[in-house]
Amino acid sequence: MQPHLTQLRPRPGGVLELSRRLLEVVDTDVLERDLSGAPVRPPVPGPGVRLVCTEDNARSAVALRPEQQRHLAPFLCRGDAGLLAVHKDEAVGWIWLSRVSHRDPWSGLRIHLAPDEGYAYDLWTEPGLRHLLLGQALVGSLLAHAQGDLGLSRVYGWVDNRNRGSEVLLRMLGFTDAQSVQRVHVLHRVGWMRRGSDRPPYGPLSRQGRHSQRDEAARRA
């Protein structure tokens, strides 16, 4: 079997390295968090950090840099819920939750959701403040919000196999395997799922979402 570009180790400055920058095929894990069990108890962030939900008026007190405002604008326009980690009135981390099926513009992955499902994405934390448990607090608090305030039964998220830190974090907070796919990325700007790479062939990144099996069973009952 011919290896993918991401599995090769090209010499610095070589043709393969240039090719890898232009086109990547990335193995991607799709994870899920079942929220039908016990209430989620999110970790508490370190001192001086508060979490702000974008659905609250309190977000007006958060200082966002112009580039941050541009980055977050599409999420707000779609009606997604976000949690901001705030330190000294500045946003130093965030995570977002979508409740509608859509195509993620950066990865190109198409997310298929049922009304009781959500998709967590765009986890970011300021590197110099990660010792304040920003990532753990953001993910845990978003799950608690999805479970309690939004009444969702399941939340999905995806992570590249190369990003071991994020995958470990999600698994520590109860995420388990739902699906695996291969993601094609061109120039780190345009992407899509490699056709037929979804295993199993039903799930949040398949044409037939995982929820559709439950819906079909309910119709037959």
Side-chain angles (χ1 to χ4, degrees), residues 26 28-43 45 49 51-56 59 68 71-86 91-126 130 133-181 183 191 193 198 203-206 209-211:
V26 185
T28 301
D29 290 331
V30 185
L31 306 177
E32 64 179 359
R33 179 59 159 87
D34 186 349
L35 299 176
S36 61
V40 176
R41 301 189 182 282
V49 177
L51 300 184
V52 174
C53 182
T54 58
E55 296 176 329
D56 299 333
R59 71 175 185 269
Q68 291 178 326
H71 179 77
L72 302 183
F75 310 157
L76 291 169
C77 288
R78 191 166 52 225
D80 294 353
L83 278 179
L84 306 180
V86 181
V92 294
W94 55 57
I95 188 171
W96 291 80
L97 180 77
S98 181
R99 289 160 284 176
V100 297
S101 300
H102 68 278
R103 180 183 182 275
D104 182 76
W106 184 82
S107 66
L109 298 176
R110 295 185 179 276
I111 315 299
H112 301 276
L113 300 173
D116 65 337
E117 295 177 337
Y119 161 55
Y121 68 97
D122 201 47
L123 172 63
W124 167 77
T125 58
E126 188 70 47
R130 288 175 181 169
L133 302 180
L134 299 181
Q136 294 92 321
L138 284 167
V139 176
S141 297
L142 188 75
L143 292 175
H145 178 59
Q147 181 187 52
D149 299 326
L150 304 180
L152 301 186
S153 66
R154 194 177 305 272
V155 169
Y156 298 106
W158 65 265
V159 61
D160 289 345
N161 279 358
R162 301 171 298 183
N163 191 349
R164 305 309 300 177
S166 291
E167 183 152 3
V168 168
L169 171 62
L170 294 180
R171 292 188 185 279
M172 284 176 56
L173 293 170
F175 280 81
T176 58
D177 294 307
Q179 197 175 26
S180 64
V181 302
R183 183 172 61 84
M193 187 185 80
D198 46 333
L205 269 64
S206 301
R210 179 174 182 173
H211 58 271

Worksheet item: Given side chains that start at C-beta, do those of Y119 and D104 come closer than 4.5 Å, heavy atoms only?
Response: yes

Worksheet item: How long is the gap from CG on L152 to CG on D34, to the nearest 0.5 Å?
Response: 12.0 Å

Worksheet item: If only atom types and distance count, is the side chain of R154 paired as donor or acceptor with the main-chain N or O of E32 below 3.5 Å?
Response: no

Discussion item. Measuring only between side-chain heavy atoms, which start at C-beta, is H145 closer than 4.5 Å to C53?
Written reply: yes

Fill in: Close side-chain approach of I95 and S141, heavy atoms under 4.5 Å
no

Worksheet, complete the sentence: Scanning both residues in full, the closest heavy-atom pair of D29 with R171 reads OD2-NH2, 4.4 Å

Worksheet item: When you look at D198 and L205, which way does the side chain to side chain contact (heavy atoms under 4.5 Å, CB included) test go after all the steps?
Response: CA-CA 7 Å; D198 46 333; L205 269 64; 5.7 Å; no

Worksheet, complete the sentence: In short, V49 meets A85 closest at the heavy-atom pair CG1-CB, 4.3 Å

Fill in: Partners passing ring-ring contact (aromatic ring centres under 6.0 Å, His included) against H71 (at least two apart in sequence or in another chain)
F75, W94

Worksheet, complete the sentence: All heavy atoms of P45 vs all of L51, minimum pair found to be CG-CG, 4.5 Å

Worksheet entry | Reported NE2-to-NE2 distance for the pair H112 and H102, which is rounded to 0.5 angstrom | 10.5 Å

Discussion item. Quick one about D160 and T28 (side-chain donor to acceptor, distance below 3.5 Å, no hydrogens or angles considered), yes or no?
Written reply: yes

Worksheet entry | Pairs involving residues 136-151, ordered by first then second residue, that meet salt bridge (charged side-chain N to carboxylate O under 4.0 Å, His left out) (sequence neighbours left out) | none

Practice prompt. State the CZ-CG distance between R99 and D80, to the nearest 0.5 angstrom.
Written response: 7.5 Å

Discussion item. Please give me the minimum heavy-atom distance between L142 and W96, naming the atom from each residue.
Written reply: CD2-O, 3.8 Å

Fill in: Minimum side-chain heavy-atom gap W158-L170 below 4.5 Å
no

Item to complete: Please confirm whether the backbone N or O of L35 pairs with a side-chain atom of Q147, one donor and one acceptor, at under 3.5 Å?
Response: yes

Discussion item. A side-chain contact here means heavy atoms from C-beta on lying under 4.5 Å apart; do L72 and T54 qualify?
Written reply: no

Worksheet, complete the sentence: For residues 135-145, the salt bridge (charged side-chain N to carboxylate O under 4.0 Å, His left out) pairs (sequence neighbours left out) are none

Worksheet item: For the atom pair CG (L97) and CG (D122), what is the distance rounded to the nearest 0.5 Å?
Response: 12.5 Å

Worksheet item: Within a reach of under 6.0 Å around CZ of R110, are more than 12 heavy atoms found that belong to other residues, nucleotides or ligands?
Response: no

Item to complete: Answer yes or no: is there a side-chain heavy-atom contact under 4.5 Å between L123 and L169?
Response: yes

Practice prompt. Indicate the atoms forming the closest heavy-atom contact of Q136 with P43, along with that distance.
Written response: O-CD, 3.6 Å

Worksheet item: So, do P204 and V30 sit near enough that their side-chain heavy atoms are less than 4.5 Å apart?
Response: yes

Worksheet entry | Minimum-distance pair of heavy atoms, taken over all atoms of L113 and S101 | N-OG, 2.8 Å

Worksheet item: Would you say the side chain of N161 lies within less than 4.5 Å of the side chain of E167, judging by non-hydrogen atoms?
Response: yes

Worksheet item: Passes side chain to side chain contact (heavy atoms under 4.5 Å, CB included), V139 versus R33? Steps please.
Response: CA-CA 11 Å; V139 176; R33 179 59 159 87; over 6 Å; no

